[in-house]
Amino acid sequence: MRLLEPVHLAGRTARNRLIFGPHVTNLCRGRAFTPDLLAYYRRRARGGCGTVIAEEVPVHASDWPYEYAPVIDLAAEGWSRFAGAMHEEGALALGAIGHSGAQGSSAFSQRELFAPSPVPDVATREVPKEMETEDIEAVLDGFRTAATAAAAAGLDGVEINAGQHSLVRQFLSSLANFRGDGYGADKSRFAREALEHVRAGFPGGIVGLRLACDELAPWGGLSATTVPQVLRALAPLCDYLLVCAAGPYAGQYPRPDMQTPEGFARPLAELARKTVGGATAIAVQGSIVSVDMAEDILAAGAADLVDMTRAQIADPDLAVKAGAGRKHRIRPCVLCNQACQVRDARNRRVSCIGEPAAGHELREADPAATLVPAAGRQPIVVRGAGPAGLEAARVVALAGRRVRLIESDSACGGAVRTAAASPGRERLARLIEWLEAECRELGVSIELSAPTEGASADLVAIGGQPAAPRYAGEGGGVHPAERLLEEMRHGRVPDLPEGPLLVWDPVGGPVAVSLAVALVRRHPLILATPDAVAASMVAATGDLAAANARLMAAGIAIRRNVHLVATGSGWADLQSRVTGDIERLEVAAVIDAGFRQPRPVDQPGVRIAGDVVAPRTILEAILEGRRAGLALAVA
Ligand SMILES: Cc1cc2nc3c(=O)[nH]c(=O)nc-3n(C[C@H](O)[C@H](O)[C@H](O)COP(=O)(O)O)c2cc1C
Ligand code: SF4
């Protein structure tokens, strides 16, 4: 089996075995699909994906899990536009359907949550109502109605969610289903009936089941030990079974960040294959971001289809590039979860740090599609080969213009290269390596270790630098985290005095955590944060619990709700934000993992992009680099 060979499902043919999985995009409005959502899917289908599965549509009005969630009564019309767009681009179009049950929210629906038993979700702690017979019937009817609507909309089929946020999984799980009736005695019954209702509502359509095969709760629930029975019961009822590791106690799954190895759910696919044989097709997902890994899984016969969702958010042309022998030119997904994970307080729309046009297809120009070659004009000079400068150079070169990229460092990457030096975050460098390789492929002249001071450029993207400390100090003893990471990047052990260290983390991002975990191997270490929890900002990428677990496992002491107010030789003063009390710590050195500020620009009026405007994330750097590149290419 090869990734790009066709696969037959319920009498239909997908042009390849690649799936773009259903995910929350925050691109719906009024509980219906929007032109933005359709453009997002169309772009992935145009890039060659075989099967695109639209964002899950709750099958019943009792489920309104997040503000921008669609719902069946209002989304069915969007399905028909989605089906039309996918078919025009040559992809199969499936609709994900489900119900979040206890993992929903009453914040929007203003009514009680449904669940098999009144077990509060671990995230919201909201106690749901135990579903009565008529509630069960209403939701099952919803599954049938949704399937009928999918058929009428021209979809090729539907995928029922029994994965992460799903009522169907809750019925299957001994962690959530304590019913005394037939749905408790036979925990597969609700899932079976949902499948039967869907089949009845959409005869001849593809019926897929996304199944949590491991809830990652060692004390109970679905696991490699208990799931075979469920697999045997449900496999004959569906045309494909997508296996995933997912459950309420493993919030970051089924799409964990870069700390989890690629392809972590492959053993579950192997188990499913062994258990059900050829009873249904097996699909696998979970941090599969390289075509080689997908090919390897298929070649081993562990699965028939591969869901590579984030990989195609990052590069919508993944399939086209792989098919044209250009897989080395696929923009990598670095599994950062920084822009594609949308369910946080910002309520942002889906996007990608490396491909900021993702989710903004109707607003942001696609450089490859829009640029008119303009060879022969003056070469463009870009100063700074961090993400902003590299992206700008790439975009200008795509238009056929000559580009000189000058950089004072001996390597491309700027702050990203530095960030990638911290243990567990090395994968970030892949984006820089890709940008550099693309620039070289497009003929950009990259001049490293170049004398850039005072050099005249069309774009300055020289990044930021550590901000001046806001605490009193007697000089010495304070080391910017950035400098230590630079040392580590060059393979050197940071030169720090013997004794305990204080890592001061006013940012709450991933840098302080990974640096602390690296340094604690040689020094007793305290991490101090102004927040009530350490690493508070990594909550947005789903890594908060895991980051705190890493700090705990490494034996790092944490001081919360404090400000670093003064440092001196051998000491640091922390002031409690709650009581105002000052605690003096005996420390050999302070590591300042604080904010950065822009580097001064010595060319007045020049166009600037990235951290030199204001130090933020890779996403803003690449976005601004791209916009600058687009403007320069045609200037
Ligand atoms: C931002 C985001 C939101 C997701 N939301 C859902 C969801 O609501 N339901 C679901 O079944 N899967 C969801 N997924 C999982 C995807 O459908 C897909 O299976 C998964 O992302 C595949 O893993 P990969 O991104 O590592 O390729 C989500 C994925 C992402 C990236
Ligand atoms: S934001 Fe990060 S995890 Fe998400 S698709 Fe882009 S690179 Fe991958």
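Both ligands and their constituent atoms are indexed starting at 1 by order of listing. Below, all heavy atoms of this structure are taken into account, side chains as well, without hydrogens, waters or symmetry copies.
Within the protein, the N, O or S atoms lying under 2.8 Å from atom 4 (Fe) of ligand 2 are Cys340 SG.
If you check the side chains of Asp307 and Thr309, you find a donor sitting under 3.5 Å from an acceptor. Side-chain contact of Asn337 with Arg310: a donor-acceptor pair under 3.5 Å is present, judged by distance alone. Side chains of Gln164 and Gln103: no donor on one and acceptor on the other come within 3.5 Å. In the model, Thr617 has a side-chain atom that pairs as donor or acceptor with a side-chain atom of Glu620 under 3.5 Å.
Near Gln285, meaning under 4.0 Å from one of its heavy atoms, ligand 1 places the atoms 18 (C), 19 (O), 20 (C), 22 (C), 23 (O). Short contacts between ligand 1 and Met308, defined as distances under 4.0 Å to a heavy atom of the residue, involve ligand atoms 27 (O). Residue Arg210 has at least one heavy-atom neighbour below 4.0 Å for each of these atoms of ligand 1: 11 (O), 12 (N), 16 (C), 17 (O), 18 (C), 19 (O). Listed by number with element, the atoms of ligand 1 under 4.0 Å from a non-hydrogen atom of Asp307 are 18 (C), 19 (O), 22 (C), 27 (O). Ligand 1 places these atoms under 4.0 Å from at least one heavy atom of Gly21: 17 (O).
The closest protein non-hydrogen atom to atom 21 (O) of ligand 1 is Thr309 CB, 3.4 Å. If you check which protein heavy atom lies closest to atom 29 (C) of ligand 1, you get Arg255 CD, 3.0 Å. Of the protein's non-hydrogen atoms, Val24 CG2, 3.4 Å is the one closest to atom 8 (O) of ligand 1. Atom 1 (C) of ligand 1 has its closest protein heavy atom at Cys340 O, 2.5 Å. Of the protein's heavy atoms, Ser287 N, 2.6 Å lies nearest to atom 26 (O) of ligand 1.
The minimum heavy-atom distance between Arg44 and Gln312, with the atom names listed, is NE-O, 2.9 Å. Of all non-hydrogen atoms in Asn26 and Asn347, the two that sit nearest each other are ND2-OD1, 3.2 Å. Heavy atoms only, all atoms of each residue included: Ala149 and Ile72 are closest at CB-CD1, 4.2 Å. For the pair Gln170 and Gly101, the tightest heavy-atom approach, listed with the atom from each and the gap, is OE1-CA, 3.6 Å. The shortest non-hydrogen separation linking Cys238 to Val207 is CB-O, 3.3 Å. Between Leu27 and Val350, the closest heavy-atom pair is CD1-CG1, 4.0 Å.
No more than 12 heavy atoms of other residues, nucleotides or ligands sit less than 6.0 Å from atom CE of Met537.
Any N or O atom pair closer than 3.5 Å counts here, and Gln341 shares no such pair with ligand 1. Where the criterion is an N or O separation shorter than 3.5 Å, residue side chain and backbone included, Glu56 fails it with respect to ligand 1. Backbone and side-chain nitrogen or oxygen atoms of Pro22 are examined, and one is located within less than 3.5 angstrom of a nitrogen or oxygen of ligand 1.
The pair Arg326-Glu441 does not count as a salt bridge, with every side-chain nitrogen at least 4.0 angstrom from each carboxylate oxygen.
With sequence neighbours left out, the side chain to side chain contact (heavy atoms under 4.5 Å, CB included) criterion links Glu55 to Val24, Thr25, Cys28, Leu37, Tyr41, Tyr66, Pro70.
Remark: distances from the non-hydrogen atoms of Val350 to ligand 1 are all 4.0 Å or more. A heavy-atom separation below 4.0 Å is not found between Gln164 and ligand 1.
Remark: among candidates Ala162, Ala314, Gly286, the nearest residue to atom 23 (O) of ligand 1 is Gly286, based on non-hydrogen atoms.
At a heavy-atom cutoff of 4.0 Å, ligand 1 is contacted by both the backbone and the side chain of Arg310. When heavy-atom distances to ligand 1 are checked against a 4.0 Å cut-off, His23 comes that close through both its backbone and its side chain.
Under the 4.5 Å side-chain criterion, counting only non-hydrogen atoms from C-beta, Leu234 is in contact with Arg192.
The distance between the ring centers of Tyr40 and Phe20 falls below 6.0 angstrom.
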